[in-house]
Enquirer: 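Sending over a structure as structure tokens; questions will come in a sec.
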Amino acid sequence: MSNDLANLDATAQAELVRRRQASPLELTNAAIARIEKVNPQLNAVITPLFEKARQQAAAPELPDGPFRGVPFLLKDLDALSAGDPYHAGTQFLRELRWVADHDTYLVAKLRAAGFVFLGKTNTPELGLNVTTEPKSYGASHNPWNIEHSTGGSSGGSGAAVAAGMVPAAHASDGGGSIRIPASECGLVGLKPSRGRVSLGPDHGEFWHGLVISHVVTRTVRDTAAILDVVAGAMPGDPYIAPPPPRPFLAEVGANPGRLRIGVMARLPGGGPLHPDCAAAVQDTARLLESLGHQVEESHPPAFDELQESITQFSTLLMSWVAATLDEISETTGKTVGPDGVEELTWTYATMGRAITAPQYIHAIDWLHAFTRRMASWWATGFDVLLTPTLAGPPPRLGELVPPPGNPFAGSEKVFALIPFTAQFNITGQPAMSLPLYWNRDALPIGVQLIAGYGREDVLIRVAAQLENARPWRERRPPVHA
């Protein structure tokens, strides 16, 4: 049964339970067997919770939600689950054997939906790199080619879902960290609108609104249905996204109408794309045109303000890294020092502590003005923007890891790879990576669709249309359960 289940998405597995064709415990045991089979090659799951999962699956009080009994993995960042280890990619928390004492709202909603948590997935330290190679747990390997990166910071989740360990897994995104592993692992990855998914009870916002959580999946319907589960305001949230007119799942298969779609097939600021990424965008543009959409070369002029947006984004990022280390020290009662975290993390924190309050406020004001400049393009009548998700194929492991003594050595390569993602953490718009293209090396090359703020419905409708026209769910990587 395990091999058969590896090919079913979360929606299909939940249907087996509803029809009593499989029990939650059977699904859980099958997923555990798949993890034990392929995880030694991929290092995607770093904290197994197998016995606890079996108890959860067998318990009569397992919630009768829409995903009752479906196995699931939590990223070891931005999601606390009561009684489980939480290390955020740091050696500091790992050595303390730190355990969370409560569920975040996101995890509580996933638990109420009936998901069974099988473990925690690998992540770079504090989510600060776009490859999952932390010193604390080692590198995750891409199931399409184990010498290549899974992306980051949700790289463990991406590898686990792509390899068929579980049908869906938690992911979070502060600068592309849902979409990057989705692109590199051949998955669906939706970053929802700011305020769509609560970050409580611990935070009202994180990285000043840049960070949001959701999942990586193999199908658009799973992405939509799980968004229905986790979306919605919680008491005290500082802001909320506008409620959808109907469930997001209802948008799957709905007619998107004739959309006006802009295409950006060059790098921000000018310059040619990597041929694989250019081919992926051009192929998708032709497909969209064949489906009846109005497709034209156009993008927000503000997209070309890349260097200044990186500078102001970095001001927020470094400030929050400093605050996060202080928060870890306060929570654990142990001071985080330079030996407790990676050199890049400590350097970010040091620079963050030197940023003044006026500088921080200036960065916020600049990013707000940038958001208005970006949004004005959608206000002219465009529905969707099509870009590559990344500016190159999945890099080889080790290429984006800075050497000792030079923490910024790989920063140029990092920013060169991700010129299309962080802008929509700044603007708060929904953005989705879809697996519509593979290069000659059989590596996935994602394309990104972006809608106006609060319009996940538009993305889900057109994504489902693309999935139906160019199905990807039967493609399997060489390392697969």
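Source: prediction; values computed, not measured.
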Enquirer: Would you indicate whether Arg373, at its atom CZ, is surrounded by more than 12 heavy atoms from other residues, nucleotides or ligands within a distance under 6.0 Å?
Expert: yes
Enquirer: Under the side chain to side chain donor-acceptor pair (under 3.5 Å) rule, what do Trp320 and Tyr360 come out as? Steps first, then yes or no, please.
Expert: CA-CA 10 Å; Trp320 277 81; Tyr360 185 86; 2.8 Å; yes
Enquirer: Measuring from atom NE2 of His274 to atom CG of Leu267, what distance do you get when rounded to the nearest 0.5 angstrom?
Expert: 11.0 Å
Enquirer: With side chain to side chain donor-acceptor pair (under 3.5 Å) as the criterion, how do Glu51 and Gln55 come out once you've worked through the C-alpha distance, each side chain's angles and the decisive distance to 0.1 Å?
Expert: CA-CA 6 Å; Glu51 291 311 309; Gln55 294 171 12; 5.6 Å; no
Enquirer: Exactly one of Ile445, Thr150, Asn145 should register a side-chain contact (heavy atoms from CB on, under 4.5 Å) with Pro394. Which one does?
Expert: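 The single option meeting the side-chain contact (heavy atoms from CB on, under 4.5 Å) with Pro394 is Ile445.
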Enquirer: State, yes or no, whether a side-chain contact exists between Asn122 and Asp76 at a heavy-atom distance under 4.5 Å.
Expert: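 The answer is no, as the side chains (C-beta and beyond) never meet within the 4.5 Å cut-off.
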Enquirer: For a quick test of reading the model, state the closest non-hydrogen atom pair linking Leu73 to Ala160 and the distance between them.
Expert: CD1-CB, 3.6 Å
Enquirer: For side chain to side chain contact (heavy atoms under 4.5 Å, CB included), just list the numbers for Arg218 and Leu187, CA-CA rounded to whole Å, side-chain angles, deciding distance to a tenth of an Å, and then say yes or no.
Expert: CA-CA 5 Å; Arg218 294 199 297 271; Leu187 301 173; 3.8 Å; yes
Enquirer: Do the ring planes of Phe420 and Phe303 sit parallel (below 30°), tilted (30 to 60°) or perpendicular (above 60°)?
Expert: perpendicular
Enquirer: Under 4.5 Å between any side-chain heavy atoms of Val188 and Pro435, yes or no?
Expert: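 Yes, their side chains come closer than 4.5 Å.
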Enquirer: Is Phe408 close to Tyr348 at the side-chain level, that is, under 4.5 Å between some pair of heavy atoms?
Expert: yes
Enquirer: Please name the pair of heavy atoms, one in His87 and one in Leu93, separated by the smallest distance, quoted to 0.1 Å.
Expert: CD2-O, 3.3 Å
Enquirer: So how far is it from Leu317 CG to Met351 CE, rounded to the nearest 0.5 Å?
Expert: 10.0 Å
Enquirer: Please tell me if the side chains of Ile35 and Pro48 come closer than 4.5 Å, counting only heavy atoms from C-beta onward.
Expert: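 No; the side chains remain at least 4.5 Å from each other.
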Enquirer: Treating His141 as the side-chain partner and Ile146 as the backbone partner, does any N or O pair qualify as donor plus acceptor under 3.5 Å?
Expert: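 Pair found, side chain donor or acceptor close to backbone of Ile146.
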Enquirer: Would you call Ser309 and Leu306 a side-chain contact if the rule is heavy atoms closer than 4.5 Å?
Expert: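 Heavy-atom side-chain distance check passes, below 4.5 Å.
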Enquirer: What is the minimum heavy-atom distance between Pro124 and Pro134, and which atoms define it?
Expert: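 The pair with the smallest heavy-atom distance is CA-CB, 4.1 Å.
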Enquirer: Measure the acute angle between the ring planes of Phe115 and Phe72, then classify it against the limits of 30° and 60° as parallel, tilted or perpendicular.
Expert: tilted
Enquirer: Using 30° and 60° as the class boundaries, would you call the ring planes of Phe313 and Trp207 parallel, tilted or perpendicular?
Expert: perpendicular
Enquirer: Which value, rounded to the nearest 0.5 Å, describes the distance between Thr427 atom OG1 and Arg194 atom CZ?
Expert: 7.0 Å
Enquirer: With a 6.0 Å cut-off (strictly less than), is the heavy-atom count around CD of Glu36, excluding the residue itself, greater than 12?
Expert: yes
Enquirer: Would you indicate whether Lys334, at its atom NZ, is surrounded by more than 12 heavy atoms from other residues, nucleotides or ligands within a distance under 6.0 Å?
Expert: no
Enquirer: Is it true that His102 and Asp202 share a donor-acceptor pair across their side chains at a distance under 3.5 Å?
Expert: yes
Enquirer: Is the closest side-chain heavy-atom distance between Gln13 and Val166 below 4.5 Å?
Expert: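 Gln13 vs Val166: side chains apart.
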Enquirer: When you measure from the side chain of Asp9 to the backbone of Thr219, do you find a donor-acceptor pair of N or O atoms at a distance under 3.5 Å?
Expert: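 Answer holds: no.
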Enquirer: Under the side-chain contact (heavy atoms from CB on, under 4.5 Å) test against His148, which residue among Asp441, Leu397, Leu443 passes?
Expert: Leu443
Enquirer: Please check: side-chain N/O of Lys109 versus main-chain N/O of Gly232, any donor-acceptor pairing under 3.5 Å?
Expert: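 It does hold such a pair.
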Enquirer: Rounded to the nearest 0.5 Å, how far does CG of Leu459 lie from OG1 of Thr223?
Expert: 11.0 Å
Enquirer: Looking only at non-hydrogen atoms, find the nearest pair between Lys75 and Ser172 and report the distance.
Expert: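 So the two residues come closest at NZ-OG, 2.7 Å.
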Enquirer: Side chains of Thr132 and Ser140: is there a donor and an acceptor less than 3.5 Å apart?
Expert: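 Per modelled atom types, Thr132 and Ser140 side chains form no pair under 3.5 Å.
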Enquirer: Please determine whether side chain to side chain contact (heavy atoms under 4.5 Å, CB included) holds for the pair Leu190 and Ile178, giving the CA-CA distance in whole Å, both sets of side-chain angles, and the decisive distance to 0.1 Å.
Expert: CA-CA 7 Å; Leu190 168 66; Ile178 291 174; 5.8 Å; no
Enquirer: Measure up the Phe370 and Trp366 rings against each other and bin them: parallel (under 30°), tilted (30 to 60°), perpendicular (over 60°).
Expert: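 Parallel.
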Enquirer: Look only at the side chain of Ser183 and the backbone of Arg179, and say whether a donor-acceptor pair between them is shorter than 3.5 Å.
Expert: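 It does not hold such a pair.
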Enquirer: Looking at every heavy atom in both Ser213 and Leu106, which two are closest together, and how far apart are they?
Expert: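 Between these two residues, the closest heavy atoms are CB-CD2, 3.7 Å.
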Enquirer: Test your reading of the model: is there a side-chain donor-acceptor pair from Tyr86 to the backbone of Asp78, 3.5 Å cut-off?
Expert: yes
Enquirer: If you apply the rule side chain to side chain contact (heavy atoms under 4.5 Å, CB included), what do you find for Asn425 with Val211, and how did you get there?
Expert: CA-CA 7 Å; Asn425 297 85; Val211 174; over 6 Å; no
Enquirer: Among all residues two or more places apart in sequence or in another chain, which pass the side-chain contact (heavy atoms from CB on, under 4.5 Å) test with Leu62?
Expert: Pro24, Gln56, Arg68, Val116
Enquirer: Under 3.5 Å, is there a donor-acceptor pair between the side chain of Thr123 and the main chain of Gly89?
Expert: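 No, because the side chain of Thr123 does not come within donor-acceptor range (under 3.5 Å) of the backbone of Gly89.
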Enquirer: Flag the pair Leu227 / Pro192 as yes when at least one side-chain heavy-atom distance between them is below 4.5 Å, and no otherwise.
Expert: yes
Enquirer: Check step by step if side chain to side chain contact (heavy atoms under 4.5 Å, CB included) holds for His170 and Thr121.
Expert: CA-CA 9 Å; His170 165 245; Thr121 61; over 6 Å; no
Enquirer: Is a donor on one side and an acceptor on the other found under 3.5 Å between the side chain of Ser329 and the backbone of Val336?
Expert: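 Yes, because the side chain of Ser329 sits within donor-acceptor range (under 3.5 Å) of the backbone of Val336.
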Enquirer: Do the non-hydrogen side-chain atoms of His299 and Ile450 ever get within less than 4.5 Å of each other?
Expert: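 No; the side chains remain at least 4.5 Å from each other.
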Enquirer: Look only at the side chain of Asp103 and the backbone of Ala82, and say whether a donor-acceptor pair between them is shorter than 3.5 Å.
Expert: yes
Enquirer: Enter the distance from Asp84:CG to Leu49:CG here, rounded to the nearest 0.5 Å.
Expert: 4.5 Å
Enquirer: Looking at every non-hydrogen atom in both residues, tell me the closest pair between Pro181 and Gly152 and how far apart they are.
Expert: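 Answer, listing the atom of Pro181 first, then Gly152: CD-O, 3.6 Å.
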Enquirer: Donor-acceptor pair, Lys120 side chain versus Thr47 backbone, under 3.5 Å?
Expert: no
Enquirer: Can you tell me how far the CD1 atom of Ile32 sits from the CG atom of Leu118, to the nearest 0.5 Å?
Expert: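 CG of Leu118 is found 5.0 Å from CD1 of Ile32.
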Enquirer: Show, in sequence, the C-alpha distance, side-chain angles and deciding distance for Glu342 and Thr345, and conclude whether the side chain to side chain donor-acceptor pair (under 3.5 Å) test is met.
Expert: CA-CA 5 Å; Glu342 295 176 19; Thr345 303; 5.1 Å; no
Enquirer: Identify whether the distance between the nearest side-chain nitrogen and carboxylate oxygen of Glu456 and Arg196 falls below 4.0 Å.
Expert: yes
Enquirer: Just by distance, do the side chain of Trp144 and the backbone of Cys185 share a donor-acceptor pair under 3.5 Å?
Expert: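 Judged by distance alone, yes, a pair lies under 3.5 Å.
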